[in-house]
Structures are given as structure tokens and as C-alpha cells.
Colleague: 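Dumping the structure here so I can ask a few things about it.
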Amino acid sequence: MRILVSAGEASGDHYAAGVVRHLRRMLPETEFFGCTGAEMRAAGVRTVVDSASLSVVGLVEVLHHIPRIYGEFRKLKREAERLRPAAAILTDSPDFHLRLAGKLRRAGIPVFYLVAPQAWAWRSGRARTLRRNVRELHCIFPFEEQFFRARGVNAHYIGHPLAGTVRPALAREEFLTRHRIPAGKPLVALCPGSRQGESRRHLASLREAVERIRARREATFVLAAPAGASVRFGEGFYAPLTGAGQVQVVEGETRDAMAHADVTLAASGTVVMEAALLNAPVVAFYRVTPLTWLIGRPFVKVPFYTMVNLVAERRVVPELIQDDLTGERLAGEALRLLESEAARAEMKAGLAEVARRLAVQGDPLEESARRVSASVIEMGLPGEAAGRIAETGQGLRG
């Protein structure tokens, strides 16, 4: 039996890899193939398309990548048609995956969708697409299940995969020693983004913020880059921020950097949620191209851009989006948290509340895998294989 698994970015790759590891235990003779990143490849998923080729953000930014992305789309679709998998698990990246879901459904391949598109924020018509093409939608935020069920989607809240699992790998002293960071100064972590394009748009504002903070007080700065960034982005990519020797680059240790920093300045996305789960004071920011902002802004229907604030239903984390993103504003928010114990305590209490709201019993990725496994068996797993799985006593539930 074969299962197609696809993810278009780092967080989706992480979640999908976790589902695959659980499915290997539940359906031990299954082969996995699809659109993969490093973690899925490590979990044994055969690569048809490299997910790095899909990692583009923005309505306008994606335009000149469309021919390449469409070529990857056709490659993945052809392989699905050739191998006829028993199911497909699509993770996040809705612009790519919602189109793929329709093709798979018409080919008779049941689709499970992990990490719901943010149709509650904009492009609500995506709920109709999900209702038509997806067998099950696995939501990772508590308010999403009700939204999608009200629109006829077979949605299930499984819990956030990061809740209860996000923790630093090193103690503070070990982290500081490893990177020769002085212990007597405040530590500021900088997270410009996991994609090359978004990072490039943020570097100038971060550099100005560093200069303004340094002018006010002594501090140490680390740039928390994604693993392999120096190779993928090219040597010297971070030079606009690190060229003066004021900022040290640390690759593949973002959680440690945030956990042990006094404040983190982070591009809005999964990393801000990780900061919340680490109870690490954070300032969120983001900038897209002016044309993308002009086109997309009127369609956004939520009071906050940062998921931490949406889950909390109030402003816990400062959001500096588009024109609000300046070095002066970033420095001001960072200094407020560095210099006010009351401000830090208030934010940490809010972050703890968000972590409590996301906490569930059990492993969300195991729950996702369990639901896929049970459905595959229900849809007609070959009798001999089904009998072997029953003998293992995995306790699959629907």
C-alpha cells in the first residue's frame, strides 16, 4: 500500500514527518512518497518534489515562480496517478494543496488535510473547496473546528502539534558557553524568517533596531537562522545585519536562542507560536511587497495578524506589520520589555494562557495518523494486511 504525503514549508514538513512516523507503526508495510523536506525524507518518504521549490510567500511574489511551481504540481500529480495511493495527506500550503486535492479526489484518492487554511481570516470560499474535495480536515487551533463544521467540512480539532513538545535542547549556561555569549548582558534573539525572500525584506529594519538598542544600552545579539541557511541562502546573505560584527549567527538552534534570550524579535509565523510555548517574550513583525499588501489587505477579516493573539483573543504580543515595521518601533518594543519587569511579567502570563488553550491530551500527530489509518482500513485495506494490523493491537479509533 502507498500513501502520498505533501508539505510545502518547514513547519508542514515537521508535522507531516511526525504523522508518517506514527503511520509506519500503525500500517507497517506502507510506502510513502510525495513533496518532502528534510524531516520527511529522514522519516523515509520518497521525494517526488522538494518542498523547498514551493516556499514562496505573497500574492505578487509568487507570480514569476508560477511556471516552476506548476511544473512541480504536474510532476506530483502524475506520480499519484501512476501509483494510485490509498490516501493522500496534504499539509498546509493551501495555494498548492487545494488545487492538488481536487485532482486527487477526481482520481478517486481520498484526501486528508492537516493544518487548516486560514479561511476564517480571508478567502472564505476555500471552505467550499475543502467540503468538496477533502475527506477529513485536521485542525490545530481550537476555534477552527466549529468554523469549518458550520460550512459543511468534516473537520476535527486534534490539538497543536507543538504544544507540550517545544523546549530548548540546551540549558542556558550550555547555550551561552557553546556560542561564547557573555552572561552578564541582556540577550536579544533575531528571527528574520525561514524563507530567503521574507528574510531579505526584514534585514534592514532589524539592523536599525540593533543600532538603536545598542545606543540605549549594552546587549548581545544573535541571529537565529534556520538550519542550512548559509548554504541555501548563500554566504554573505545576512551581511547587511552582521557585517559590522554586532550580531552573531546561530544556525538550527532557534528554540534555544529564543528560550534563553531576554527578548526575541521574530517574523510572524510558527516561530512566534514556538516563542509563546517557550514562554519567551517576543515582538512579532512582518512585511510583504507593497503591491501584495495593497491587493491583500482589504480581504483580511481578523483583528490580529499573529496567531498567538488570535488564540488569546486579545493583544498579548506586539505586532509590527508592513508600514508599522520600522527599526524605531522594533527597538522601542524590545527596550520596553528589556527595561520593564512588569511588561515582561504581563506578556509571560499571556503566553502561558495561550499555551494552556492549546494543550490537549495525547499527541496531535498520532491522532491525525490514527484517523488516517482507521479510514484507510475502513475504505478497504487488503484483508491480509488488515488482519496483521489487527493482531498488533494498535487500537485504531475512527
Side-chain angles (χ1 to χ4, degrees), residues 1-56 62 65 68-117 129-130 133-138 140 158 161 194-195 228 232 270 364-373 375-377 379 381 385:
M1 188 178 66
R2 302 179 181 94
I3 292 179
L4 183 155
V5 190
S6 181
E9 56 182 296
S11 60
D13 181 58
H14 175 73
Y15 301 153
V19 173
V20 168
R21 285 191 289 270
H22 289 298
L23 280 171
R24 283 197 178 283
R25 176 173 57 82
M26 298 171 181
L27 305 173
E29 296 185 14
T30 302
E31 297 176 13
F32 298 90
F33 70 96
C35 177
T36 73
E39 290 201 51
M40 267 209 277
R41 290 191 285 273
V45 183
R46 179 174 64 83
T47 299
V48 178
V49 171
D50 188 329
S51 63
S53 65
L54 310 181
S55 188
V56 183
V62 76
H65 295 280
R68 174 178 52 76
I69 293 173
Y70 186 61
E72 302 288 57
F73 173 88
R74 293 179 64 191
K75 187 190 303 182
L76 190 59
K77 181 174 77 73
R78 282 197 302 268
E79 190 70 346
E81 290 169 346
R82 184 178 76 85
L83 295 179
R84 305 292 300 179
I89 303 168
L90 311 182
T91 309
D92 209 355
S93 304
D95 287 317
F96 186 84
H97 284 144
L98 289 181
R99 180 179 292 271
L100 181 62
K103 301 290 186 183
L104 295 172
R105 191 264 304 169
R106 285 189 286 277
I109 299 167
V111 175
F112 298 83
Y113 204 112
L114 173 63
V115 185
T129 304
L130 289 164
N133 297 322
V134 170
R135 182 179 177 92
E136 282 191 11
L137 175 66
H138 297 172
I140 65 172
I158 60 170
S194 60
R195 303 177 184 88
R232 289 190 290 121
T270 301
L365 298 180
E366 183 175 19
E367 174 62 15
S368 181
R370 190 178 286 121
R371 299 192 68 87
V372 173
S373 303
S375 293
V376 167
I377 292 170
M379 288 183 288
L381 194 68

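One-based numbering along the sequence shown.
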Colleague: Taking Arg84 for the side chain and Ala107 for the main chain, is one N or O donor matched with an acceptor at less than 3.5 Å?
Modeller: yes
Colleague: State the OG-CD1 distance between Ser368 and Ile140, to the nearest 0.5 angstrom.
Modeller: 10.5 Å
Colleague: Glu366 pairs by salt bridge (charged side-chain N to carboxylate O under 4.0 Å, His left out) with which of Arg21, Arg371, Arg25?
Modeller: Arg25
Colleague: Under a 3.5 Å distance rule, please check whether Ser51 uses its side chain to pair with a backbone N or O of Thr36 as donor and acceptor.
Modeller: yes
Colleague: Does the side chain of Leu114 reach to within under 4.5 Å of the side chain of Ile158, using non-hydrogen atoms?
Modeller: yes
Colleague: Measure across Ala80 and Ile109 and return the closest heavy-atom pair with its distance rounded to 0.1 Å.
Modeller: O-CD1, 4.0 Å
Colleague: Grab the two heavy atoms, one from Thr30 and one from Leu27, that are nearest each other, plus how far apart they are.
Modeller: OG1-O, 3.0 Å
Colleague: Do you know which two heavy atoms are closest between Val5 and Ala16, and how far apart they sit?
Modeller: CG1-CB, 3.8 Å
Colleague: Please verify the inter-ring angle class for Phe96 with Phe73; under 30° counts as parallel, over 60° as perpendicular, anything in between as tilted.
Modeller: perpendicular
Colleague: State, with a plain yes or no, whether a side-chain heavy atom of Tyr113 is found less than 4.5 Å away from one of Pro94.
Modeller: yes
Colleague: Any side-chain heavy atom of Ile3 within less than 4.5 Å of one from Phe112?
Modeller: no
Colleague: Would you check if Asn133 and Val111 make a side-chain contact, meaning some heavy-atom pair closer than 4.5 Å?
Modeller: no
Colleague: Side chains of Met40 and Phe32, heavy atoms from C-beta outward: is any pair under 4.5 Å?
Modeller: no
Colleague: Side chain of Arg24, backbone of Ala43: donor and acceptor closer than 3.5 Å?
Modeller: yes
Colleague: Around atom CZ of Arg41, are there more than 12 heavy atoms from other residues, nucleotides or ligands closer than 6.0 Å?
Modeller: yes
Colleague: Could you pull out the closest heavy-atom pair between Leu104 and Ala88, with the gap in Å?
Modeller: CD1-CB, 3.6 Å
Colleague: Would you compute the distance between atom CD of Glu9 and atom OG of Ser194 and round it to the nearest 0.5 angstrom?
Modeller: 6.5 Å
Colleague: Are side-chain heavy atoms of Pro110 and Met379 found at a separation under 4.5 Å?
Modeller: yes
Colleague: Find the distance between SG (Cys35) and CG (Asp50) and round it off to the nearest 0.5 Å.
Modeller: 7.5 Å
Colleague: List for me each residue that meets salt bridge (Lys or Arg N to Asp or Glu O under 4.0 Å) alongside Glu39, sequence neighbours excluded, and say none if there are none.
Modeller: none
Colleague: Is there a side-chain contact between Leu23 and Ile89 (heavy atoms, below 4.5 Å)?
Modeller: yes
Colleague: Taking the basic N atoms (NZ, or NE/NH1/NH2) and the acidic carboxylate oxygens, is any pair closer than 4.0 Å for Arg82 and Glu79?
Modeller: yes
Colleague: I want to check something: taking the side chain as every heavy atom from C-beta on, are Val376 and Met1 in contact at a cut-off of under 4.5 Å?
Modeller: yes
Colleague: When rounded to the nearest 0.5 angstrom, what is the spacing between CG in Leu90 and NE2 in His138?
Modeller: 11.5 Å
Colleague: What's the spacing between His97 NE2 and Thr91 OG1 if we round to 0.5 Å?
Modeller: 6.5 Å
Colleague: For a quick test of reading the model, state the closest non-hydrogen atom pair linking Ser6 to Leu76 and the distance between them.
Modeller: OG-CD2, 3.9 Å
Colleague: Roughly how far, to the nearest 0.5 Å, is the CZ atom of Arg370 from the NE2 atom of His22?
Modeller: 8.5 Å
Colleague: Looking at Lys103 and Glu81, is any side-chain nitrogen of the basic one under 4.0 Å from a carboxylate oxygen of the acidic one?
Modeller: no
Colleague: Would you say CZ of Arg74 has more than 12 non-hydrogen atoms from neighbouring residues, nucleotides or ligands within 6.0 angstrom?
Modeller: no
